[in-house]
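It should be emphasised that the depicted structure is a prediction, and the values quoted were computed from it without experimental measurement. Residue numbers begin at 1 in each chain, while the letters A, B, ... track the order of the sequences.
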Protein chains: 2
Amino acid sequence: MQLAHPGPEEFVLASVLSALGSPIRLEVVKRLSQGEHLNCTTALPHVPQSTASHHWRVLRESGLLQQTREGRVITMTLRRADIDGRFPGLLDAVVGSGQS
Amino acid sequence: MQLAHPGPEEFVLASVLSALGSPIRLEVVKRLSQGEHLNCTTALPHVPQSTASHHWRVLRESGLLQQTREGRVITMTLRRADIDGRFPGLLDAVVGSGQS
DNA sequence: TGCATACTTCGATTATAGTCGATGCGACGC
DNA sequence: GCGTCGCATCGACTATAATCGAAGTATGCA
């Protein structure tokens, strides 16, 4: 089963910013940008599965990350090239500041 | 009467992104960044006053804009230097993309 | 085939955000 | 002083988002 991912031409800036505007999602994006390889269970161990899954969906539908199944595990990766292509400098500015 | 504005050290990235994550507020920030001088009535003529005022508050409390009274009119300006100081490149990336 | 794993989706609940009329308050003109 | 203008704030309502248990689905292994 494949999850639906928007194409870069479908990205909406307000949706991307809104997705990043939640501390819990912002943190995940930052960790992904630092090269961390996250799957859905390890990313937020203290958060219930269904809640976490909701946040993955928001991030995925905004275009920020990709979920690819590898066996039974779904791995999440930042769609850095796609986001950079549409909103140059945005991701760098967001993950570059040492802030939350 | 003076409205409360946070100092740059109080800015929270997630709050700034969340404030920008609303299409109506994003548009105002873009217009301000293009040098438009807006007051509270002219900025969103089609939106009820109290609703508009709510959005000014969100933008003001996140640190994105400053409201200064000039006589009876309150003029809004982007706090570009303060935002750039804390989150370099963020505003450029947001207003630079021709997107909504 | 059957069972366990690693998720997503569903449905209900709660929390937060947006909307807008009414009211309040400071600034200006008179 | 009084009235008006330009806004903020209040309070009530509505809409959207977050939370989480339960159920559903694809994968892998025995």
Side-chain angles (χ1 to χ4, degrees), chain A residues 1-6 12-29 31-32 36-77 100, chain B residues 1-6 12-29 31-32 36-79 100:
Chain A
M1 172 210 174
Q2 262 308 62
L3 296 166
H5 292 78
V12 176
L13 180 54
S15 302
V16 172
L17 294 170
S18 178
L20 291 168
S22 148
I24 198 167
R25 290 191 295 259
L26 181 56
E27 196 208 310
V28 168
V29 168
R31 288 168 59 191
L32 284 172
E36 272 195 73
H37 244 256
L38 300 177
N39 63 53
C40 300
T41 325
T42 61
L44 296 169
H46 56 296
V47 171
Q49 244 298 306
S50 52
T51 300
S53 193
H54 161 73
H55 291 298
W56 309 150
R57 194 220 277 255
V58 173
L59 287 168
R60 173 166 40 84
E61 290 185 344
S62 74
L64 277 162
L65 59 77
Q66 192 169 8
Q67 291 177 276
T68 52
R69 181 178 285 273
E70 296 170 4
R72 272 180 300 193
V73 178
I74 292 183
T75 301
M76 299 185 292
T77 53
S100 56
Chain B
M1 172 212 177
Q2 262 308 61
L3 295 165
H5 291 79
V12 177
L13 179 54
S15 302
V16 172
L17 294 170
S18 180
L20 291 168
S22 149
I24 199 168
R25 291 192 294 260
L26 181 57
E27 197 208 309
V28 169
V29 167
R31 289 168 59 191
L32 284 173
E36 272 195 73
H37 244 257
L38 300 177
N39 63 54
C40 301
T41 325
T42 62
L44 295 170
H46 56 296
V47 171
Q49 239 296 305
S50 52
T51 301
S53 193
H54 162 73
H55 291 298
W56 308 151
R57 194 221 276 257
V58 173
L59 288 168
R60 173 166 40 85
E61 291 185 343
S62 75
L64 276 163
L65 59 79
Q66 193 169 8
Q67 291 177 276
T68 52
R69 181 178 284 273
E70 296 170 5
R72 274 180 300 193
V73 179
I74 292 182
T75 301
M76 299 185 292
T77 53
L78 254 192
R79 297 178 65 179
S100 56

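Spacing between atom CD1 of B/Ile74 and atom P of C/dA27 amounts to 10 Å, rounded to whole angstrom units. A/Arg25 places its CZ atom 9 Å from the P atom of D/dA17, with the value rounded to the nearest Å. Rounded to an integer number of Å, the gap from CG of A/Leu3 to P of D/dT25 is 15 Å. Computed from coordinates, the A/Gln67 CD to C/dA6 C1' distance equals 12 Å when rounded to whole Å. When the P atom of C/dT8 is taken as reference, atom CD of A/Gln2 falls 12 Å away, rounded to whole Å. Summarising the geometry, the separation between CZ on B/Arg72 and P on D/dT4 is reported as 12 Å, rounded to the nearest angstrom. The distance from atom CD1 of A/Ile24 to atom C1' of D/dC20 is 13 Å, rounded to the nearest whole Å.
Contacts of residues 44-60 of chain B with DNA chain C (heavy atom under 4.0 Å): B/Pro48, B/Ser50, B/Thr51, B/His54, B/His55.
The two residues B/Leu65 and B/Trp56 come nearest to each other via the heavy atoms CD1-O, 4.3 Å. The nearest pair of heavy atoms linking B/Val16 to B/Ser62 is CG2-O, 3.5 Å.
Atom CG of residue A/Leu20 and atom CD of residue A/Glu27 lie 13.0 Å apart, to the nearest 0.5 angstrom. Taking CZ from A/Arg72 and CG from A/Asn39, the interatomic distance works out to 12.5 Å, rounded to the nearest 0.5 Å. To the nearest 0.5 Å, atom OG1 of residue B/Thr77 and atom CD of residue B/Glu36 are 13.5 Å apart.
Dashed line: the shortest gap from a side-chain N or O of A/Asn39 to OP1 or OP2 of C/dC7 is under 4.0 Å.
The residue B/Glu70 sits apart from the nucleic acid: no heavy atom pair falls under 4.0 Å.
Residue A/Ser18 is the one, among A/Gly71 and A/Ser18, whose nearest nucleotide of DNA chain D lies closer to the 5' end (criterion: closest heavy atom).
At least one donor-acceptor pair closer than 3.5 Å links the side chain of A/Arg25 to the backbone N or O of A/Ala19.
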